[in-house]
2 protein chains.
Amino acid sequence: MAEPRRTRIQDVAEQAGVSMMTVSRVLNQDKKVSNKTRQKVMAVVEKLNYRPNVSARRLASSKSFFIGLLYDNPSDSYISQFLLAALKKCRALGYHLVVDEAHLDINKTIESVKQLIDVTQVDGMILLPPMCDNEDVLEVLTKANVPFVRITPDTKLNSSPYICMDDYQAAFDVTERLINQGHKKIAHIIGNNKQGVSRLRYQGYLDALRSNKITTPPEYIEQGSFTYQSGMEAAVKLLALDDKPTAIFAANDDMAAAVISIAQQQGINIPGDLSVVGFDDTQLARSVWPHISTVKQPINEMAELSVSLLASGQYDNMSNLKSLELRHILDFELIERESSSIK
Amino acid sequence: MAEPRRTRIQDVAEQAGVSMMTVSRVLNQDKKVSNKTRQKVMAVVEKLNYRPNVSARRLASSKSFFIGLLYDNPSDSYISQFLLAALKKCRALGYHLVVDEAHLDINKTIESVKQLIDVTQVDGMILLPPMCDNEDVLEVLTKANVPFVRITPDTKLNSSPYICMDDYQAAFDVTERLINQGHKKIAHIIGNNKQGVSRLRYQGYLDALRSNKITTPPEYIEQGSFTYQSGMEAAVKLLALDDKPTAIFAANDDMAAAVISIAQQQGINIPGDLSVVGFDDTQLARSVWPHISTVKQPINEMAELSVSLLASGQYDNMSNLKSLELRHILDFELIERESSSIK
DNA sequence: CTGAAAGCGCTTACAG
DNA sequence: CTGAAAGCGCTTACAG
């Protein structure tokens with residue numbers, strides 16, 4: 001096969017009647033190019049469908065065009081979805097994703113991060129919960145001057161960009177919907193108390209009850225940890241109460257699935273006797289029966305945005321950031337399925 | 001920070017007292033290097049912990065050091081596990097993984113594959129079921145002379161390497177274990193009839209019954225499709241029989257989970273009244289209660305091996321392969337959990 | 001079996 | 001605002 005040679009920067013330069021350098025500048029968003037030249041070059045780029053050779057670029061520049069992703073054993077569904085979305089976005093922008101799992105031993109995780117910085121030389125890092133809130137990890141990155149984006153609602157670090165959804169409002173809305181459907185006895189299983197989202201979801205639940213003037217006995221609140229197991233334990237307690245709740249709002253889908261399982265074992269009809277709602281909209285929500293009503297996190301959008309932000313280079317100089325630019329909130333969506341219904 | 005410059009091939013060459021070319025040859029497994037020289041070079045490589053610069057390598061050679069992975073909406077658990085294992089192996093070998101999801105429309109999938117070949121210029125492809133058995137996809141790859149590894153037990157293509165486990169034997173063993181535990185009424189839910197594994201697992205089940213002289217009514221065999229939904233439908237039928245089975249072997253975990261859910265809704269105790277076993281050992285097997293007894297597929301090993309095979313270059317010249325080298329069987333493992341017990 | 005030269009396709013640093 | 005030169009760290013192709 002006579003393979004058609006890929007177009008190079010030189011081809012573009014020749015057809016546009018400029019030097020390779022000018023083309024390079026246009027492609028790298030260098031401001032010091034006249035608008036006229038820029039348009040001329042872009043036209044040829046489009047015409048020839050020119051894509052820079054990433055390897056050459058990487059070799060010549062100091063940039064690695066690698067973005068690191070550090071995650072810590074969240075649900076397979078969540079990580080898989082996030083990963084695929086991030087991979088696609090990276091590819092579109094000429095970057096590559098380097099994935100690493102955090103270790104139980106925090107020191108090993110720090111080692112991994114240092115390796116990503118020194119050996120792989122990542123241009124930026126994406127931090128998923130709960131690593132996104134680990135001070136030690138953040139310090140290592142900050143010291144090495146490696147930009148990072150955190151997926152977290154936690155605002156404790158004012159100096160770094162983060163992506164989140166309005167967990168509080170989502171929890172409020174979900175709870176209020178249950179109320180509007182006639183439920184008054186609504187229990188809540190709180191998520192892992194080390195993650196900021198747990199607090200926010202709990203608060204949204206509480207405020208929705210309050211603003212609808214519903215009082216709830218303290219036994220309706222159970223502390224979970226986002227695991228299926230913790231959901232089972234909470235469900236056993238909640239369903240053993242004399243005055244059983246008619247609805248249970250769990251802080252994630254895994255715990256909601258556990259509630260459904262326990263209820264079914266006890267012969268409790270869902271949603272007839274008990275409505276169950278979760279949070280996240282992972283695949284698990286559609287892998288049990290009845291399917292779980294839940295809140296859809298914009299996981300794909302979060303993944304894409306985190307890559308885009310790092311690739312844009314706007315956070316490369318981490319010292320001069322206005323706090324206004326740091327927060328990126330994405331929309332959520334309530335998903336009604338068969339696990340909840342009108343009382 | 002005074003960043004210590006990375007060691008280059010020249011540093012190695014100097015310390016070993018040879019030319020850069022010789023180092024390059026050693027690193028690329030070129031046979032034409034004397035053993036003595038090779039050892040001398042390797043010693044220095046180890047000492048300096050030298051890692052070749054992938055970009056330079058890619059730029060200078062015609063190889064892309066990209067491996068493509070085509071998958072078609074299998075379970076999130078499965079793809080996520082496979083993906084992470086493949087990513088790690090790629091990184092270790094200096095490769096990068098380019099992931100693509102197959103479209104419902106086969107023509108679009110073919111387009112994707114062509115893009116991977118022409119634009120990304122992958123050095124090889126990994127094909128997961130069921131794309132691994134699609135003649136059109138295989139033809140495109142073969143014509144473009146792009147080596148590929150299929151994850152499939154299907155032997156219909158004698159000219160390409162594939163990785164598999166002994167699905168037949170695993171199904172046989174799982175069934176026989178149920179028999180040894182005292183079960184005589186064992187039902188089976190067959191997997192998607194378009195995937196070769198379904199047939200093999202079904203056959204293993206049948207032969208285990210036969211070799212133990214157990215006859216089974218035809219109503220004990222239900223056709224599923226690997227989805228949770230299909231498992232529910234099969235379970236409803238099986239549990240409505242006058243002469244109910246005491247054990248159900250589902251061809252994957254998703255269908256087994258569905259069986260458990262339906263049984264629990266009907267007040268059937270698991271494993272007291274009914275033992276349930278699945279296949280794959282995906283996360284779902286541990287995400288429902290009781291945890292599902294199952295067969296552990298060596299997913300990580302399959303992922304690693306597929307990358308290694310492609311990186312080794314042994315299949316680059318696809319025309320001269322002995323059929324003996326093509327098959328790579330990995331071990332499985334029976335996992336006993338709470339969903340099954342002695343009758 | 002080993003090596004000196006040229007080049008892969010970009011960008012950096014220096015000019016103007 | 002634009003360009004000519006040198007070089008990033010490897011490998012290919014040619015010698016011997």
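Just so it is clear: chains get the letters A, B, ... in the order the sequence lines come, proteins before strands, and each one is counted from 1.
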Problem set entry | Non-neighbouring partners of A:Glu139 that pass salt bridge (charged side-chain N to carboxylate O under 4.0 Å, His left out), sequence neighbours left out | A:Lys143

Between [atom2] on [N] and [atom1] on [X], what's the gap in Å once rounded to a whole number?
X	N	atom1	atom2	value
A:Glu14	D:dG3	CD	C1'	15 Å
A:Ile9	C:dG9	CD1	C1'	8 Å
A:Asn28	C:dT11	CG	C1'	8 Å

Exercise. Do B:Cys164 and B:His328 have side chains that get closer than 4.5 Å, going by heavy atoms?
Worked result: no

Exercise. Got B:Leu84 and A:Leu83 here, is their nearest side-chain heavy-atom distance under 4.5 Å?
Worked result: yes

Exercise. Touch check for B:Ser55, heavy atoms < 4.0 angstrom, all strands: base, sugar-phosphate only, or nothing?
Worked result: nothing

Exercise. Which part of the nucleic acid, if any, lies within contact of A:Phe65, taking any heavy atom under 4.0 Å across all strands shown: a base, the sugar-phosphate backbone alone, or nothing?
Worked result: nothing

Problem set entry | Options C:dT12, C:dT2, D:dT2, nucleotide nearest the side-chain atoms of A:Met21 | C:dT12

Phosphate-side-chain proximity, [X] and [N], N/O vs OP1/OP2 below 4.0 Å:
X	N	value
A:Ser34	D:dC1	no
B:Ser24	D:dC10	no
B:Ser19	C:dA4	no
A:Tyr50	C:dG9	no

Exercise. Would one find more than 12 heavy atoms of other residues, nucleotides or ligands at under 6.0 Å from atom NZ of B:Lys63?
Worked result: yes

For this session: Check step by step if side-chain contact (heavy atoms from CB on, under 4.5 Å) holds for B:Phe82 and B:Leu128.
Result: CA-CA 10 Å; B:Phe82 193 98; B:Leu128 295 176; 3.7 Å; yes

Exercise. Between A:Asp133 and A:Arg150, is the closest basic N to carboxylate O distance under 4.0 Å?
Worked result: yes

Show me the protein contacts with nucleotides 6-8 of chain D, counting only N or O atoms at under 3.5 Å.
unit_1 : atom_1 : unit_2  : atom_2 : d
D:dC8  : O2     : A:Ala60 : N      : 3.4

Exercise. Backbone N or O of B:Met302 within a donor-acceptor pair of the B:Ser306 side chain at under 3.5 Å?
Worked result: yes

For this session: Return yes if some donor-acceptor pair links the side-chain N/O of B:Ser61 with the main-chain N/O of B:Arg57 below 3.5 Å, else return no.
Result: yes

Exercise. Should the pair B:Arg58 and B:Phe66 be classed as cation-pi, given the thresholds of under 6.0 Å to the six-membered ring centre and 45° from the axis?
Worked result: yes

Seminar exercise, completed: For D:dA4, the nucleotide meeting Watson-Crick or G-U wobble distances (both under 3.5 Å) is none

Look for any protein N or O under 3.5 Å of an N or O in nucleotides 14-16 of chain C and output each such pair with its distance, or none.
none

